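Below: the structure, in structure tokens.
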Amino acid sequence: MRRPLLAGNWKMHYGVSEGVALVEALSADLTDLNDRDVLVCPPFTLLGSLAPLLDGTAVALGGQNMHYEAKGAFTGEIAPQMLKELGCSYVILGHSERRQYFGETDELINRKAHAALANGLKPIVCVGEVKAERDSGQAESVVVGQLRGSLAGLSAEQLRSVVIAYEPVWAIGTGDTATPADAQAMHARIRAELAALSDQATADAIIIQYGGSVKPDNVDELMAQPDIDGALVGGASLKAADFIRIVRFK
Ligand SMILES: O=C(CO)COP(=O)(O)O
């Protein structure tokens, strides 16, 4: 009943010509998908060029971050409606790189989540523990704390428009993926927490993506887990053939 969502987070990669070539390859191939959703999140500077190319295709467009205010003196920031205007339907919030390098807190991510929903954008709220937290047995409590903080004050109806991405930080860009069993265990814990924050029917409707070194050769096993509903893909989303294979998980 949950429709898988396969998303590419391009991070800070590609200029316009490379981005155009990549989305042309994706949209030309991915024409027959009726049981899954596909999303690309390029850098802001590419959105205006890519939106017209993706219009009417099966590939949706998203931002990698945004500010929570509608406008104002916030040099270097992007407002929710700026993303909407360029055709975005999703926005990644609280990616571990934003938390780690740009000091984003659960409280800030929570403000952004409210703003995204108020503006008709589906937030992909990222959570995940660092290696030391996993090694000391704190992974679940860290992730639960991030969920509670980032999702505070959202109604059950709003939560149904939220996507959660579980990305263990130690698995990002390292080639070191969580085992399907460990990932499934955390996804089940996340869903239990979502039920506690709303109700079981709502929790059962929410897409929970896994992220962290998802590749063509491990996606099938990950997606076979009952609570893994999609993938948030970094490095492998930059190559058309790899991302297409991930989207076409079996
Ligand atoms: O951070 C990620 C996606 O948001 C994962 O990145 P990699 O797929 O490169 O490990």
Side-chain angles (χ1 to χ4, degrees), residues 4-14 18-19 22 26 36-44 46-47 59-66 83 88-104 106 109 112-113 116 121-131 133-134 139 142-143 146-147 150 162-180 182-183 186-187 190 207-223 225 228-249:
L5 173 62
L6 293 308
N9 173 11
W10 295 7
K11 308 191 180 184
M12 197 172 74
H13 292 285
Y14 290 169
E18 294 158 299
L22 180 49
L26 297 179
R36 57 197 71 187
D37 291 322
V38 187
L39 167 68
V40 292
C41 300
F44 294 134
L46 278 67
L47 293 172
V59 182
L61 196 58
Q64 296 179 15
N65 179 30
M66 59 163 224
L83 293 178
C88 290
S89 44
Y90 292 84
V91 60
I92 299 171
L93 296 180
H95 190 278
S96 66
E97 288 146 19
R98 302 290 322 164
R99 294 174 183 264
Q100 186 179 350
Y101 304 127
F102 304 98
E104 293 206 3
D106 292 327
I109 296 157
K112 294 184 179 195
L121 288 161
K122 292 182 183 174
I124 299 179
V125 174
C126 301
V127 294
E129 80 286 357
V130 301
K131 178 101 171 60
E133 291 163 340
R134 174 150 292 259
V142 166
V143 167
Q146 290 172 335
L147 285 171
S150 313
V162 172
V163 174
I164 305 296
Y166 169 57
E167 300 203 304
V169 178
W170 47 270
I172 294 177
T174 57
D176 209 10
T177 326
T179 64
D182 282 350
M186 185 63 87
H187 281 230
I190 290 170
I207 299 291
I208 308 175
Q209 296 179 310
Y210 172 80
S213 300
V214 176
K215 307 287 179 202
D217 64 4
N218 61 21
V219 66
D220 296 343
E221 228 186 338
L222 288 162
M223 290 302 297
Q225 304 302 311
I228 299 184
D229 312 315
L232 185 55
V233 185
S237 74
L238 295 170
K239 288 189 200 142
D242 284 0
F243 190 57
I244 287 167
R245 173 62 184 86
I246 287 169
V247 169
R248 294 191 181 283
F249 74 88

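Atoms within each ligand, like the ligands themselves, are counted from 1 in listed order. All values derive from a computational prediction rather than experimental measurement. Both backbone and side-chain heavy atoms feed into the values below; hydrogens, waters and symmetry mates do not.
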Could you go through ligand 1 and list every pair where one of its N or O atoms sits under 3.5 Å from a protein N or O, giving the atom names and the distance to one decimal?
unit_1   : atom_1 : unit_2 : atom_2 : d
ligand 1 : 1 (O)  : K11    : NZ     : 2.8
ligand 1 : 1 (O)  : H95    : NE2    : 2.8
ligand 1 : 1 (O)  : E167   : OE1    : 3.4
ligand 1 : 4 (O)  : N9     : ND2    : 3.0
ligand 1 : 4 (O)  : H95    : NE2    : 2.9
ligand 1 : 4 (O)  : E167   : OE1    : 3.2
ligand 1 : 4 (O)  : E167   : OE2    : 2.9
ligand 1 : 6 (O)  : K11    : NZ     : 3.3
ligand 1 : 8 (O)  : G234   : N      : 2.9
ligand 1 : 9 (O)  : G235   : N      : 2.8
ligand 1 : 10 (O) : G173   : N      : 2.6
ligand 1 : 10 (O) : S213   : N      : 2.8

Do other residues, nucleotides or ligands put more than 12 heavy atoms under 6.0 Å from [X] [atom1]?
X: E221; atom1: CD; result: no
X: K239; atom1: NZ; result: no
X: K122; atom1: NZ; result: no

Please work out which of the three classes, parallel, tilted or perpendicular, describes the rings of Y210 and H187, given edges at 30° and 60°.
-> tilted
Could D217 and R245 be called an ion pair, given the rule that one side-chain N must be under 4.0 Å from one carboxylate O?
-> no
With no hydrogens and no angle check, do the side chains of H95 and E167 hold a donor and an acceptor under 3.5 Å apart?
->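 E167 and H95 do have a side-chain donor-acceptor pair below 3.5 Å.
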